[in-house]
Amino acid sequence: MPKSTASTTAKSQTKTIRKGDAARATGRHARKSESAPTQPISQALGNDVGAISADLHRHLSYTLGRDHHSVNDRYRYQATVLATRDRLMERWKATHAAYYAADGKRAYYLSMEFLMGRALGNALINLGIQGEMADSLRQLGLDLEEISEQEPDAGLGNGGLGRLAACFLDSCATLQLPVFGYGIRYDYGMFRQKLVNGAQVEEPDHWLAHGSPWELCRPEYSTRVTFGGRSEMYRDENGSVRFRTVGSTDVLAVPYDVPVPGYRNGTVNTLRLWKATSPDVFNLSEFNAGDYDAAIQSQASAENISRVLYPNDKSENGKELRLRQQYFLSSASLQDIVRRWVSVHGADFSQFAAKNICQLNDTHPTVAVAELMRILMDDHGMGWDEAWGITTKCMAYTNHTLLPEALEKWPVALFRHLVPRILEIIFEINARFMRLVANKWPGDGARQARMSIIEEGRNPQVRMAYLAIVGSCSVNGVAQLHSDLLKAGLFRDFADLWPERFNNKTNGVTQRRWMALCNPKMSTLITEVVGEKWVTDLATIAPLAKKAKDAGFRAEWRKAKRANKVALAEIVKRDCGVNFNPDAMFDVQVKRIHEYKRQLLNALHLVHLYDRIKRGDGKGILPRCALFGGKAAPGYQMAKSIIRFITSVADVINADPDVRGTLQVAYIPDYRVSLMERICPAADLSEQISTAGKEASGTGNMKFMMNGALTIGTLDGANIEIREEVMRYGDGHFFLFGHTEPSINAARPTYRSADVIAKDPDLGRVIDLIRAGHFNQCQPGIFDEILHSLTDWNDYWFTCADFTDYKRAQAEAETAYRDQERWAASSIYNTAASGKFSTDRTMTEYNRDIWKLEPVKAFPV
Ligand code: 26Q
């Protein structure tokens with residue numbers, strides 16, 4: 001293994017300081033950093049069809065070197081991106097020049113995941129040249145939609161948390177806020193899901209196989225991240241005690257920038273993704289010593305850090321590579337932030353906290369708290385108190401889970417091994433924090449043990465959420481119920497100590513992607529009624545509601561929905577081989593597979609409908625097409641069984657002639673952002689049926705609502721707020737069912753699932769059918785775990801407990817759907833009531849309460 005001592009790092013840091021100091025002393029550390037405009041902004045490129053066509057041609061022939069023999073769809077896609085990117089580029093530079101000139105406060109969104117999906121359609125719509133590009137391509141005999149399909153999704157996330165980060169960036173660019181995303185450039189994103197005999201099979205997602213035309217490598221801002229070694233005390237040139245790491249194995253973080261365009265406002269923000277590589281191409285001493293394998297090995301082990309996204313959406317304890325990734329992201333990003341600061345302000349950190357804030361997307365980048373302390377103290381010679389004062393003003397933490405078992409913890413031993421200096425700093429943070437707790441509650445040892453950042457025991461652990469709370473100026477949940485429950489439950493002691501630190505920021509989604517881009521038919525109708533303003537101010541969509549009473553408009557609305565359903569039916573046919581009838585109700589549940597999300601409840605209900613039909617009691621059943629989609633974490637056996645169960649139920653139902661025309665069930669493989677863009681515009685009924693108190697917010701629920709689906713849901717997460725908003729227009733636009741969070745708590749001690757099953761014969765028959773092996777005739781036993789969880793293990797997720805009421809709510813939905821005019825009105829009300837769920841609103845609130853940034857108008861180009 002190559003051991004490069006940290007002295008290199010220390011030396012280069014010192015050099016930076018000296019440069020800054022000298023400059024400051026002479027008043028010359030003139031602002032000539034990376035973002036300083038060096039020359040006048042280039043002439044804007046034309047956006048007319050002629051100019052775009054010429055660029056397409058130029059990129060195909062010259063940049064890509066193709067002629068009509070050697071061109072194919074990938075090159076056509078690449079040329080389209082390059083012509084689009086040229087038009088972003090000038091705005092991108094102008095935006096950064098404007099930020100530099102404004103010299104205001106900036107925010108950084110630190111996230112292990114950015115689930116960006118495709119970028120082309122989004123860039124075109126935000127630039128306002130979608131029509132021109134489509135026309136230019138048509139002149140070449142090409143179709144924009146087909147070309148867009150060439151783009152692989154940037155699947156650098158698992159689900160909600162990663163997609164939220166992507167929607168946030170879109171809104172910040174649209175609001176012209178100086179917000180920078182920092183993440184990891186994984187070579188492999190979220191795995192591709194195949195279904196083989198109804199079971200999930202994972203395949204690697206090598207999304208960068210052909211490179212990405214969107215990213216811009218910036219090797220000049222590469223930075224070293226230090227791993228391993230040991231912490232050493234020394235005296236600096238002034239005789240002060242300082243710390244440094246010696247004997248470390250360093251990794252080089254190389255930034256790749258991705259443009260994030262705002263909506264027709266000239267702003268293009270930046271998402272900076274770090275790739276890990278070895279600081280030496282390969283270690284020369286090893287190579288010279290003839291140890292070629294070792295030289296290559298060390299290169300590979302450095303690069304492994306950014307190799308692959310962990311496909312778990314709850315924390316899996318103790319995986320060393322994951323902690324390496326977290327420190328890699330945090331350290332590279334903070335060094336980058338501090339480097340930029342020093343390049344402008346020299347060694348003067350007096351305004352640093354006033355001008356920089358990091359939003360931590362869950363606890364994943366929380367080691368940033370200790371890393372900023374390290375940089376300020378060890379690299380810049382600051383004392384503890386000053387560094388702590390800055391750090392705690394610069395960090396804000398967002399929590400995304402209520403499941404106690406999902407709270408991140410790392411073994412102290414692993415920290416010591418990977419980042420010894422960081423562990424020292426965490427210990428010191430905790431020692432000081434424990435003193436504070438002791439002073440506030442003298443003698444309350446139990447409380448100290450509860451609140452300690454270090455969980456004591458045979459294998460002591462670092463509690464990352466507690467480190468995040470102690471090190472931040474703000475702690476927020478992602479929906480009102482979630483934020484309230486955090487204060488009352490998981491973080492109660494901390495809310496007692498620092499009530500002012502806790503706040504709520506209800507999630508949202510961007511209506512640019514989730515309405516304007518993915519549902520043009522509905523968008524046109526909306527614009528005809530309320531004008532174009534809704535695209536950047538979703539609250540202005542409310543007047544759409546008056547059209548619910550207009551029969552002509554309802555007909556148009558239904559026509560748009562039906563066209564979207566026809567389009568989705570084609571995809572379902574292609575990917576699942578199942579025929580969906582566009583006149584049936586499209587009933588959709590797409591999301592990660594989790595017991596708490598209760599895909600099982602939905603499946604049990606479908607089995608019940610099937611059972612009714614088989615018993616000859618199916619007369620009144622509404623024709624329904626049930627669609628499922630979602631990935632299971634590869635190691636989550638129960639989730640995989642649930643997929644297997646749903647696909648088996650689908651096979652039995654779809655093959656049964658008695659059921660034909662009434663029920664169709666499909667499991668669409670490889671659920672991802674680009675698929676959701678086809679699914680949500682076509683949904684009638686949105687399944688948001690988690691066990692109350694377990695889904696922090698949900699965001700799919702919002703996408704469906706915006707696109708005019710009605711929700712069947714529990715009082716959980718943002719469902720509560722969705723229902724509240726649509727209730728303005730009366731009852732019957734949301735199908736509520738199930739226990740509430742308090743009612744579950746009250747019921748749990750005496751709850752027996754056997755009693756519930758005995759009480760509802762419909763449920764009893766469903767369980768009996770499964771137990772009889774009706775859905776797994778050739779593979780006995782494969783659903784035993786599922787049965788056990790419902791019966792023998794007392795139904796922890798209250799699936800049986802909520803079955804009867806769910807059945808009732810589903811019957812209500814059927815009745816409502818039969819009256820197509822009434823349904824269309826409810827659909828319009830849902831869209832009209834969705835104004836709150838734009839990330840523009842969410843970002844405005846983060847900015848008002850936490851970041852306090854000034855918007856910056858980009859320089860006109
Ligand atoms: C952590 C450590 C080690 C390995 C994996 C992880 C990990 C990775 C991803 C833990 C959690 C996640 C993702 C969580 C997530 O997506 N949560 C969802 O966040 C949404 C946005 O706030 C909410 O709407 C959802 O309710 C919440 O489940």
Side-chain angles (χ1 to χ4, degrees), residues 109 111-115 155-168 183-184 186 189-190 308-327 329-330 359-367 397-411 414 461-465 468 476-483 485-486 504-510 591-598 630-631 633-636 673 688-704 713-714 716-722 837 839 842 846:
Y109 201 72
S111 177
M112 291 286 285
E113 309 193 0
F114 286 91
L115 193 40
L156 309 186
N158 273 281
L161 165 149
R163 182 55 229 177
L164 185 75
C167 285
F168 278 8
I184 294 179
Y186 302 105
M190 189 62 197
V308 57
L309 168 79
Y310 272 84
N312 311 309
D313 62 352
K314 71 175 199 212
S315 87
E316 192 188 343
N317 277 339
K319 291 281 186 290
E320 174 175 331
L321 184 60
R322 170 79 182 185
L323 185 56
R324 272 185 197 276
Q325 291 182 333
Q326 296 184 350
Y327 183 66
L329 167 66
S330 306
Q359 191 71 42
L360 307 176
N361 198 18
D362 216 304
T363 48
H364 316 157
T366 287
V367 65
Y397 158 53
T398 304
N399 172 283
H400 297 264
T401 186
L402 278 158
L403 308 179
E405 69 274 19
L407 284 188
E408 232 185 322
K409 285 180 202 172
W410 291 102
L414 187 55
Q461 310 267 324
V462 183
R463 294 163 164 160
M464 300 308 281
N476 75 280
V478 289
Q480 192 60 57
L481 174 73
H482 172 229
S483 299
L485 291 175
L486 281 181
N504 172 248
K505 295 287 168 283
T506 298
N507 282 167
V509 303
T510 168
K591 48 182 82 243
R592 287 302 289 258
I593 310 300
H594 252 287
E595 289 161 279
Y596 83 80
K597 294 178 188 280
R598 295 198 299 192
K631 294 174 186 177
Y636 187 173
V673 171
Q688 307 301 336
I689 60 178
S690 51
T691 313
K694 302 297 181 187
E695 188 70 271
S697 160
T699 44
N701 47 4
M702 301 168 184
K703 295 164 199 166
F704 284 115
T714 47
D716 199 15
N719 296 352
I720 297 175
E721 292 158 73
I722 286 176
F837 304 105
T839 33
T842 312
Y846 272 84

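In listed order, ligands and their atoms are each counted from 1.
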Please check if the side chain of Asp362 supplies one atom and the backbone of Asn399 the other of a donor-acceptor pair under 3.5 Å.
no
Residue set satisfying salt bridge (Lys or Arg N to Asp or Glu O under 4.0 Å) with Arg324, at least two apart, ordered chain then number -> Glu320
Lys314 meets the salt bridge (Lys or Arg N to Asp or Glu O under 4.0 Å) criterion, sequence neighbours left out, with none
With sequence neighbours left out, write down each residue that passes salt bridge (Lys or Arg N to Asp or Glu O under 4.0 Å) with Arg598, or none if nothing qualifies.
Asp802
Tabulate distances under 3.5 Å between N/O atoms of ligand 1 and N/O atoms of the protein, writing both atom names on each line.
unit_1, atom_1, unit_2, atom_2, d
ligand 1, 16 (O), Leu161, N, 2.9
ligand 1, 22 (O), His400, ND1, 2.6
ligand 1, 22 (O), Asn507, OD1, 2.8
ligand 1, 24 (O), Gly698, N, 2.8
ligand 1, 26 (O), Glu695, OE1, 2.6
ligand 1, 26 (O), Ala696, N, 3.3
ligand 1, 26 (O), Ser697, N, 3.0
ligand 1, 26 (O), Gly698, N, 3.2
ligand 1, 28 (O), Tyr596, OH, 3.3
ligand 1, 28 (O), Glu695, OE1, 3.1

Gap separating the OG atom of Ser330 from the CG atom of Leu360, nearest 0.5 angstrom:
8.0 Å
Side chains of Asn361 and Glu113: donor-acceptor distance under 3.5 Å anywhere?
no
